[in-house]
Amino acid sequence: MASSSRFIKDPKTIAIVGCPFSGGQPKAGVDEGPIHLVEAGLPEQLKALGWNVRFDGHHQFEEINAKLGNDPAAGIVRDPPIGKLKNPRLVSEVTKSVAEAVGSHAKQGELPLTLGGDHSLAMGTISGTLSAYPDAGVIWVDAHADINTEETTDTGNIHGMPVAFLLGITQQPASYGASEAPFSWIKPMLTPERIVYIGLRDVDVGEKAILKKHGIKAFSMHEVDRYGIGRVVEMALEWVNKGYGPGGRPIHLSFDVDALDPTVAPSTGTPVRGGLTFREGHYICESIYETGNLVALDLMEVNPSLADAAAVKQTVAVGCSLVRAALGETLL
Ligand SMILES: NC(=[NH2+])NCCC[C@H](N)C(=O)O
Ligand SMILES: [Mn+2]
Ligand SMILES: [Mn+2]
């Protein structure tokens with residue numbers, strides 16, 4: 001673990017935050033992602049890399065459902081849309097609890113590894129990271145920008161919106177007349193120059209306008225083709241660290257498995273062709289580990305119910321292998 005993050009305390013500890021949650025999008029099964037990743041042996045694989053691994057079971061979010069009067073097993077979800085936002089109270093409460101868990105691990109000098117679950121969870125993970133490291137930068141690897149606002153979203157699925165909440169550029173539900181105020185817990189602590197995207201290829205029209213308006217740096221698959229992944233990662237890191245002191249910012253890596261090409265990671269809810277190769281995905285993870293600045297990692301959107309058994313196994317195995325690459329596994 002030679003170049004393990006200089007921000008992580010000894011004994012170097014990974015805290016696995018398992019989040020079986022699907023409320024940010026409509027497809028069942030993504031809540032099974034973290035269970036499959038752990039059952040595939042991920043905790044042991046990380047121990048084998050020299051980490052101390054802390055995993056106290058997956059989050060259950062039961063109290064949250066009880067509080068909302070939901071009974072998911074019986075199909076009762078009392079969480080009507082607010083404006084276009086679907087499941088707003090549930091997503092807000094769940095991500096709030098994830099922010100607290102990730103924040104407390106990060107403040108103790110542990111490296112939180114959040115296993116999703118859908119990508120709305122990143123509202124929680126990145127808020128948690130920023131509570132411990134206010135000047136952290138974010139590398140968001142995804143086919144999608146997940147930066148829709150209440151105005152621009154076509155689907156109302158909150159997994160397409162977390163970055164807008166983190167930047168504070170979407171309206172809070174309270175401001176358009178909702179009596180309760182889901183998401184009012186989010187303190188938008190991220191700024192547009194501290195997030196950079198890699199792998200984009202399915203960006204909604206409204207999202208393109210937002211990226212332009214805020215000058216957000218994005219390396220789409222077009223740039224990956226043009227410059228190669230090596231140069232893209234180098235430029236991405238230069239961008240987030242621009243003007244920052246020596247050593248570089250603490251880095252939060254949020255990896256949506258759909259950034260990979262569907263031939264590599266087929267079992268995910270919103271696959272888009274033309275994605276990263278197996279090696280390109282791993283190269284990103286390896287390079288960020290090498291900076292010594294990684295402070296938190298998300299692996300999101302593994303959905304083990306959207307493909308046949310072999311494709312599920314492949315997707316879960318790739319997920320584990322990306323995480324290992326981001327946490328110090330090397331080829332030699
Ligand atoms: N985390 C994801 N897989 N997001 C997909 C988002 C798709 C689309 N842009 C939407 O807003 O619904
Ligand atoms: Mn995506
Ligand atoms: Mn995503």
Side-chain angles (χ1 to χ4, degrees), residues 14-49 51 53-61 98 111-122 125 140-144 146 159 199 253-273 275-286 288-289 294 296-331:
I14 291 168
I16 297 183
V17 182
C19 292
F21 181 65
S22 66
Q25 54 82 64
K27 292 181 187 166
V30 71
D31 46 318
E32 296 287 320
I35 293 153
H36 281 247
L37 290 160
V38 167
E39 276 173 6
L42 185 55
E44 295 73 27
Q45 295 167 16
L46 298 176
K47 280 178 201 153
L49 291 173
W51 289 91
V53 177
R54 188 170 158 189
F55 176 56
D56 319 318
H58 298 283
H59 282 243
Q60 293 304 327
F61 309 122
V98 170
L111 192 154
L113 162 61
T114 304
L115 304 176
D118 75 66
H119 218 167
S120 68
L121 289 162
T125 62
W140 189 286
V141 184
D142 204 323
H144 310 93
D146 295 348
H159 79 154
L253 172 60
S254 197
F255 203 116
D256 182 329
V257 82
D258 72 28
L260 300 177
D261 193 78
T263 56
V264 181
S267 209
T268 187
T270 50
V272 189
R273 64 184 178 178
L276 297 169
T277 63
F278 179 93
R279 273 305 309 156
E280 287 166 343
H282 284 70
Y283 182 86
I284 296 169
C285 294
E286 292 157 4
I288 291 171
Y289 178 79
L294 183 68
L297 172 62
D298 308 331
L299 182 74
M300 301 297 188
E301 300 280 353
V302 171
N303 185 334
S305 62
L306 295 177
D308 59 55
V312 169
K313 205 171 167 201
Q314 178 190 341
T315 309
V316 170
V318 168
C320 291
S321 144
L322 288 169
V323 169
R324 292 196 308 272
L327 294 171
E329 186 169 73
T330 51
L331 300 181

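Values in this document were obtained by computation on a predicted structure and should not be read as measured data.
Looking only at side-chain heavy atoms (C-beta outward), I288 and L297 stay at 4.5 Å or farther from each other. At least one side-chain heavy atom of P43 sits less than 4.5 Å from a side-chain heavy atom of V38. In this structure the side chain of L111 reaches within 4.5 angstrom of the side chain of W51, judged on heavy atoms. Counting only heavy atoms from C-beta outward, the side chains of H282 and L331 never approach each other to under 4.5 Å. In this structure the side chain of P34 never reaches within 4.5 angstrom of the side chain of F21, judged on heavy atoms. Using a 4.5 Å heavy-atom threshold, the side chains of V316 and L37 count as touching.
With values rounded to the nearest 0.5 angstrom, T315 atom OG1 is found 9.5 Å from L306 atom CG. To the nearest 0.5 Å, the span separating CD on E329 from OG on S321 amounts to 6.5 Å. Atom CG of residue L260 and atom CZ of residue R279 lie 12.0 Å apart, to the nearest 0.5 angstrom. Within the model, atoms CG of D146 and OG1 of T270 stand 7.5 Å from one another, a figure rounded to the nearest 0.5 Å. L49 CG to Y289 OH: the interatomic distance, rounded to the nearest 0.5 Å, is 8.0 Å. Note that NE2 of H59 is 10.0 Å distant from CG of L121, once rounded to the nearest 0.5 Å.
With hydrogens and angles ignored, the 3.5 Å screen pairs no side-chain donor or acceptor of D118 with any backbone N or O of H159. S120 contributes no side-chain N or O that, together with a main-chain N or O of G23, makes up a donor-acceptor pair within less than 3.5 Å. Side chain of T268 to main chain of V302: no donor-acceptor pair is present (N/O by atom type, distance under 3.5 Å, no hydrogens or angles). Remark: the backbone N or O of H58 is paired with a side-chain donor or acceptor of Q60 at under 3.5 angstrom. In this structure, Q314 contributes its side chain and T263 its backbone to a donor-acceptor pair below 3.5 Å.
Here the shortest heavy-atom pairing between G269 and N303 reads N-CB, 4.4 Å. The nearest pair of heavy atoms linking A143 to V272 is CB-CG2, 3.9 Å. Annotation for P304 and G33: closest pair CD-N, 3.6 Å, computed over non-hydrogen atoms. Taking every heavy atom of both residues into account, G29 and S305 meet most closely at CA-OG, 3.3 Å. When all heavy atoms of V98 and C19 are compared, the closest pair comes out as CG2-SG, 3.7 Å. Nearest heavy atoms, S254 versus D298: OG-OD2, 2.6 Å.
Classified by interplanar angle (parallel below 30°, tilted 30° to 60°, perpendicular above 60°), the ring pair H119/W140 is parallel.
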Q.
side chain to side chain contact (heavy atoms under 4.5 Å, CB included) for E286 and T330? Distances and angles first, verdict last.
A. CA-CA 7 Å; E286 292 157 4; T330 51; over 6 Å; no
Q | Check against side chain to side chain contact (heavy atoms under 4.5 Å, CB included), T114 and M300 | A | CA-CA 8 Å; T114 304; M300 301 297 188; 4.0 Å; yes
Q: Start with the C-alpha gap between T125 and V17, add the side-chain angles, then the distance that decides, and say whether side chain to side chain contact (heavy atoms under 4.5 Å, CB included) holds.
A: CA-CA 9 Å; T125 62; V17 182; over 6 Å; no
Q: Applying side chain to side chain contact (heavy atoms under 4.5 Å, CB included), run through L276 and I284 and close with a yes or a no.
A: CA-CA 10 Å; L276 297 169; I284 296 169; 3.8 Å; yes
Q | salt bridge (charged side-chain N to carboxylate O under 4.0 Å, His left out) evaluation trace for K27 with E301 | A | CA-CA 11 Å; K27 292 181 187 166; E301 300 280 353; over 6 Å; no
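Tested against V141, the residues D256, D258, L253 include a single side chain to side chain contact (heavy atoms under 4.5 Å, CB included) partner, L253.
A search for salt bridge (charged side-chain N to carboxylate O under 4.0 Å, His left out) contacts involving R273 returns nothing, not counting sequence neighbours.
Applying the side chain to side chain donor-acceptor pair (under 3.5 Å) test to pairs two or more places apart or on separate chains, none has a residue in residues 28-37.
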